[in-house]
Number of protein chains: 2
Amino acid sequence: MTTLVNTFAALADDTRLGIIERLMADGEQPAGDLVARSTISGPAISRHLKILREAGLIAQRTDGNRRLYAVRPEAMQAIANWTMDHRRFWEAGLDRLDAMLSEESHD
Amino acid sequence: MTTLVNTFAALADDTRLGIIERLMADGEQPAGDLVARSTISGPAISRHLKILREAGLIAQRTDGNRRLYAVRPEAMQAIANWTMDHRRFWEAGLDRLDAMLSEESHD
DNA sequence: TGTCTATTTAACTAAATGGCTAAATTGAAG
DNA sequence: CTTCAATTTAGCCATTTAGTTAAATAGACA
């Protein structure tokens, strides 16, 4: 598997994408906070965190008892680079590129 | 599953990402050409194409006997939008020049 | 030391995934 | 209307994935 496929695989799950979104929105957080916000068990979250870490999407650091997780910008940049590399494809026929680039949020 | 997770899931496979890359590089192609370039069986490719189509990443059109596939720009744009939405994350700490320019007093 | 809290690892199960071969479908051509 | 070519669908099987509960690990502190 290529690195990029690995990155996509890590994000190809609601729980994991949710964790990433949350870490990006609220910054570094301990595993326990992520468990508290989720409907699934602690061990399940722990395993998702491991998958995200092994895919290079998040960094782990220890603070006493707790483990703090944060998104690694490099991983996000890899996706951004890929989209930019193929920009002519999603740009094609879409005449609002400028608007997109200047807007703050989408979805 | 959110639409975005579905998109990532569709790209979370070497064969499928390869198909997408190839369609973006060389444009619309019949299934047979994609099979010819791959190491796995026709039926396997066919199923991957179905997954990509159901995820909205490619469009299918019929030309006589053959089915032609092409990347749908909208799907790529969805990913591009997501990366743009979180741009501050992958930009942070990676663009030193930008960081310098944004600092008022430092030397 | 012993215990409490935070988190991960282990063991297990059900469901999903991805490959194969064989059969079915669909359009073109004789 | 028969046959050929292109492609998909149908079964089948092995592997991976994501969840669970129970047990293990690691740090903080009386």
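By convention in this document, chain letters (A, B, ...) are assigned in the order of the sequence lines, proteins followed by strands, and residues within each chain are numbered from 1.
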Let me confirm one number: the CD1-CG distance from B:Ile20 to B:Leu57, rounded to the nearest 0.5 Å.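 So the CD1 of B:Ile20 and the CG of B:Leu57 are separated by 5.0 Å.
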Starting at atom [atom1] of [X], determine the distance to atom [atom2] of [N], rounded to an integer number of angstrom.
{"X": "A:Arg61", "N": "C:dT8", "atom1": "CZ", "atom2": "P", "answer": "14 Å"}
{"X": "B:Leu68", "N": "D:dA5", "atom1": "CG", "atom2": "P", "answer": "19 Å"}
{"X": "A:Leu49", "N": "C:dT7", "atom1": "CG", "atom2": "P", "answer": "10 Å"}
{"X": "A:Asp63", "N": "C:dT7", "atom1": "CG", "atom2": "P", "answer": "10 Å"}
{"X": "B:Arg66", "N": "D:dC4", "atom1": "CZ", "atom2": "C1'", "answer": "16 Å"}
{"X": "A:Asp14", "N": "C:dA15", "atom1": "CG", "atom2": "P", "answer": "19 Å"}

Specify the closest pair of heavy atoms between A:Tyr69 and A:Ala31, including all atoms of both residues, with the distance to one decimal.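 Result for this residue pair: CE1-CB, 3.9 Å.
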If a protein heavy atom is under 4.0 Å from the base, mark B; if only from the sugar-phosphate, S; if neither, -; do that for nucleotides 18-26 of chain C going 5' to 3'. BBSBB---B
Single-linkage hydrophobic cluster, 4.5 Å side-chain cutoff, B:Val71 and B:Ile51 together: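 In one cluster: no.
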For C:dT7, does OP1 or OP2 lie under 4.0 Å from any side-chain N or O of A:Gln60?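 Answer is no, no contact under 4.0 Å.
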Does C:dT8 have OP1 or OP2 sitting under 4.0 Å from an N or O in the side chain of A:Tyr69?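 Yes, such a contact exists.
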Close side-chain approach of A:Met76 to A:Met24, heavy-atom, < 4.5 Å: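 Of all side-chain heavy-atom pairs linking A:Met24 with A:Met76, at least one is under 4.5 Å.
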Evaluate the side-chain proximity of B:Trp82 to A:Leu17: yes if any heavy-atom separation is below 4.5 Å, no if none is.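 A:Leu17 reaches B:Trp82 side chain to side chain.
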So does A:Thr83 get a backbone contact from the side chain of A:Trp90, meaning a donor-acceptor N/O pair under 3.5 Å?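 Yes, because the side chain of A:Trp90 sits within donor-acceptor range (under 3.5 Å) of the backbone of A:Thr83.
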